[in-house]
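To keep things clear, I will list the structure first and then write my remarks on it.
Quick caveat, the model's predicted, so the values are computed rather than measured.
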Amino acid sequence: MTSIGEALIGLLAARGVTLVFGIPGVHTIELYRGLPGSNIRHITARHEQGAGFMADGYARVSGMPGVVLVISGPGVSNTLTPMAQARADSVPMLVLSGVSSTQSLGRGFGHLHELPDQQAMVATVAISSRQIRSADDLLQSVEHAFELFSQARGGPVHIEIPIDVMSLPFAQELTAPSAVTKQRRNNTSPLPDVLRAAKKPLILAGGGTREAARQLLKLAELLDAPVVQTVNARGLMHAHPLCVPASPSLAAVRELIADADVVLALGTELGPTDYDMYADGGMPSLANLVRVDICHEQLARHPAKETICGRVDAVLGEWLTVLEPVPVGVTGADRVTRPASAAGSAYSVAPENTADAAGSASRGARQHTTGAQRAGHTRQAALQEIGQQMRLHVQLLEAIRSTIPNAILVGDSTQTIYAGNLYYDHDRPGGWFNAATGYGALGYAIPAAIGASLADPATQIVCISGDGGAQFSTNELMTAVDEQVPVLFLICNNHGYQEIATSMIAAGVPLQVCAPAPPDFQLLARACGIPWQACAMCPKALATALSIAMKTLRSGNCPVIIELTMGKLDL
C-alpha cells in the first residue's frame, strides 16, 4: 500500500518536478521513501537556508518551482529566510516539511522540533500554507500549489505533513494532474489613450517583463520610448539605443522619468529597493502612470491613471496588434494606429545584441529620434553619477560579459553587485539576478548559483560574492563539489563589510565591527578540492583569470574559485 509520504513524491513527479533540495531528518524519512522509485533527484545541501536559496536559483533559471524538503522546527525556521527572498522577488518555491504528530500540535509537550504553531509562523511569509491530514488534503494541496504557480505572480508555498500522517495509506489512484494554463489576462486590454497621444513616453520594466522580451522591444521601438530596467529586468534589450540599464534611484534616471509625459510601468512593484534605495524620497511623481501587472493586490498598492491586470507578455501582445510601425520623422500625437494587418508589412525588430549605437541600417534613420537621444543622454549621465570606484566595478562586470558571453551572473550583497545594480547592461534576459534588493539576504549567491547551474548545465554560471556574504554559505561549496556543477565562484575580498562601513562613516559611528576576518580562501578551496586562483582588482587581469578558469571548467565537471583581491578595508 502506498503511503501519503510516497504519494507526495509521485504527485510531484507527475507535475514535472525532477529536482528537490533538502536535508533528510528522522521526521521526514517517510517523505523520502518514494524518491528511489521516481525520476526525482535529491540535492543534499549543508544547511536548510542553502537548500532554499538553491531552489530559488533553480526556479529563476528553469521556470519551474524550486522544491525544498525539510524537517519540522529548525528545518522550517532555517528556510524562512530564502522563502522571504523568494516572496520579495516573486520566485515560485514549494517548501514541504514535517510537523509534530497531530495529537501534540499546539499543546507544548516539549517534543523534538516542536513549535507553538509552525504553520502560523510560516504563513506570515508564504503566499499559502496548508497542513495535510488525509489523502484528499494531499491531492487538493498539491493541486492548489501548482495552480498558484501558474496563475499568480510567484512566491513561496508551504505544505506541512504531521509525522503520524506521512505513513497513513494513500488508497486513491495517482492520476495525471488537471491541465493548468498560465493566466493570460482577466479581459481584453485596449491600448490606453494616453499612450496613443504621448510625445515623450517612458517605460519602466520590472521582473515581470522577463518573459516578454520580444514584445517589450517591439513596443519600445514603436512608441520610441526609453526603457528603464529594474534589477530583475536587466538583460532585456541589451545595447539597444532605447535601453537604460540604470537604477531609478539615480538622479539622472529620475530626471528622465520626470521629463516623460506618460510612464508605462510593466511588471514592477515600484518598490523602494529599486526606486528609492538611498531613502531620500526624491523619486518624482509619475505623470499619467499606466501599470500592467499580474497581481491585483500589487496594482492597488500604487494607484495609477490606468491599471491592467494580466501577464505582461499577453497584454503587450494585444497592444502590438493595433500598433503599426512609425514612419521616420513621425512622433508623439502624430502616430496613427490601426490593425497590424492593414499596415501592409511586418515590423522589423532591431537586433538585441548590437553594441553599435547606430544599430542596423534598417533602423539607421531613427537613431536620432527623441527617445534614443533621451536614453543616450541618461546612460552617459548615470554612468558618470555613480562615481569612479563604482565605474571600476562596472568595468569588472563588463570584463566578465566580454570573456564569458551569455553567462548567468548570480550575486550577493557586495560592492560589485551594488555597482551593477546601479548601472550595468547584461547580454542575456534573466541572466542578472541577486539578493541585494528586495529582502536583501546575505549568503544567497553561492547556493543560488548552484541551483541555477543544476537548472541549466549548458550555460556558464558566474557567482559573485563578497568575503562577508560568502562566509554565510561557504559550507555549500561542498554541495557544488558533490554535484559536480561547473560554477565559477568569484569572491571579492576586501576583508570587511564595505557597504556597512560606508554608511557608518556617514553616520559618525565607529567601524571596528565592520572587519570580520575572512578565512584563507586558498586553503578553503584546497580543503574542498576546488581549483583556486588570485586576481587583482583590474578588468584586464580579471579577463585573463577568467580565461584560465574557463579552460579548467571545460576540462572537468567541477567548480572553480577566483579570489578578487581588493585590499583591506581601511578603518
Side-chain angles (χ1 to χ4, degrees), residues 4-25 27-72 75-76 78-87 89-99 122 125-132 138-150 152 154-161 166 174 177 180 444 447-448 450-456 476 479 483 485:
I4 284 180
E6 288 178 283
L8 172 61
I9 300 302
L11 291 171
L12 295 178
R15 284 157 178 79
V17 174
T18 58
L19 280 181
V20 296
F21 304 86
I23 299 177
H27 286 177
T28 53
I29 289 175
E30 192 60 39
L31 300 182
Y32 280 79
R33 187 182 300 278
L35 280 176
S38 73
N39 63 345
I40 297 177
R41 176 182 170 196
H42 184 275
I43 308 299
T44 304
R46 292 339 191 235
H47 191 283
E48 288 91 357
Q49 178 171 292
F53 285 146
M54 289 178 200
D56 178 299
Y58 175 85
R60 295 193 199 222
V61 173
S62 70
M64 289 285 293
V67 181
V68 188
L69 191 53
V70 295
I71 63 168
S72 56
V76 173
N78 285 338
T79 313
L80 285 177
T81 294
M83 289 177 71
Q85 186 71 50
R87 177 155 188 160
D89 289 344
S90 304
V91 176
M93 179 185 295
L94 177 59
V95 177
L96 307 168
S97 77
V99 70
V122 179
V125 177
I127 60 176
S128 171
S129 178
R130 291 191 173 192
Q131 186 181 102
I132 305 301
L138 178 64
L139 287 169
Q140 292 171 14
S141 296
V142 171
E143 188 76 12
H144 173 69
F146 281 84
E147 284 178 357
L148 285 177
F149 296 140
S150 297
V157 174
H158 172 239
I159 297 175
E160 65 177 20
I161 309 179
M166 295 178 190
L174 285 175
V180 177
Y444 171 85
I450 294 170
S453 186
L454 289 165
D456 188 358
E476 301 302 349
T479 307
E483 301 302 329
V485 291

**Asked** Any side-chain heavy atom of V157 within less than 4.5 Å of one from V95?
**Response** no
**Request:** State, with a plain yes or no, whether a side-chain heavy atom of R33 is found less than 4.5 Å away from one of E30.
**Result:** yes
**Message:** Quick check for you: to the nearest 0.5 Å, what is the distance between I161 atom CD1 and R130 atom CZ?
**Reply:** 13.5 Å
**Request:** Just jot down the side-chain hydrogen bond (donor to acceptor under 3.5 Å, both in side chains) partners of S97, sequence neighbours excluded, or say none.
**Result:** Q118, H158
**Message:** Donor-acceptor check, side chain of T28 to backbone of G25, threshold 3.5 angstrom: yes or no?
**Reply:** yes
**Asked** Among all residues two or more places apart in sequence or in another chain, which pass the side chain to side chain contact (heavy atoms under 4.5 Å, CB included) test with R41?
**Response** L19, I43, L454, E483
**Asked** Do you know which two heavy atoms are closest between S72 and H27, and how far apart they sit?
**Response** OG-ND1, 3.5 Å
**Prompt:** V68 versus L94: any side-chain heavy-atom pair under 4.5 Å?
**Reply:** no
**Complete:** Minimal heavy-atom distance between A51 and F21, with the atoms involved, is O-CB, 3.6 Å
**Request:** Compare every heavy atom of Y32 with every heavy atom of I23, then report the nearest pair and how far apart it is.
**Result:** C-OH, 3.5 Å
**Complete:** With sequence neighbours left out, the residues meeting side-chain hydrogen bond (donor to acceptor under 3.5 Å, both in side chains) with S90 are R153
**Request:** Answer yes or no: is there a side-chain heavy-atom contact under 4.5 Å between F53 and T81?
**Result:** yes
**Request:** Over all heavy atoms of both residues, which pair between A86 and P156 is shortest? Give the atoms and the distance, please.
**Result:** C-CD, 4.2 Å
**Request:** State, with a plain yes or no, whether a side-chain heavy atom of V67 is found less than 4.5 Å away from one of M93.
**Result:** no
**Prompt:** Looking only at side chains, do S150 and E147 share a donor and an acceptor under 3.5 Å apart?
**Reply:** no
**Request:** Could you list the residues that satisfy side-chain hydrogen bond (donor to acceptor under 3.5 Å, both in side chains) with T44, not counting sequence neighbours?
**Result:** H42
**Request:** Would you name the heavy atoms of R15 and L11 that are closest together and state the gap between them?
**Result:** NH1-O, 3.1 Å
**Message:** Would you say that M54 contacts E476 through its side chain, given a criterion of any heavy-atom pair below 4.5 Å between the two side chains?
**Reply:** yes
**Message:** Using 0.5 Å steps for rounding, measure from the CD atom of Q49 to the CE atom of M83.
**Reply:** 13.0 Å
**Request:** Output all residues satisfying salt bridge (Lys or Arg N to Asp or Glu O under 4.0 Å) with R87, sequence neighbours left out; order by chain, then residue number.
**Result:** none
**Complete:** Residue pairs passing the salt bridge (Lys or Arg N to Asp or Glu O under 4.0 Å) test with at least one member in residues 59-71, sequence neighbours excluded, are D56-R60, R60-D89
**Reported CD1-to-CG distance for the pair I71 and L31, which is rounded to 0.5 angstrom** = 12.0 Å
**Request:** With the side chain counted from C-beta on, respond yes when S141 and I132 share a heavy-atom pair under 4.5 Å apart, and no when they do not.
**Result:** yes
**Prompt:** What distance do E48 atom CD and L69 atom CG have between them, rounded to the nearest 0.5 Å?
**Reply:** 10.5 Å
**Prompt:** For S128, what residues pass the side-chain hydrogen bond (donor to acceptor under 3.5 Å, both in side chains) criterion, not counting sequence neighbours?
**Reply:** H144
**Asked** What heavy-atom pair brings A59 and G66 nearest, and what distance separates the two atoms?
**Response** CB-N, 3.6 Å
**Prompt:** Does a side-chain heavy-atom distance below 4.5 Å link L96 with L12?
**Reply:** yes
**Asked** Counting only N and O atoms by type, is there a donor-acceptor contact under 3.5 Å from the side chain of S62 to the main-chain atoms of Y58?
**Response** yes
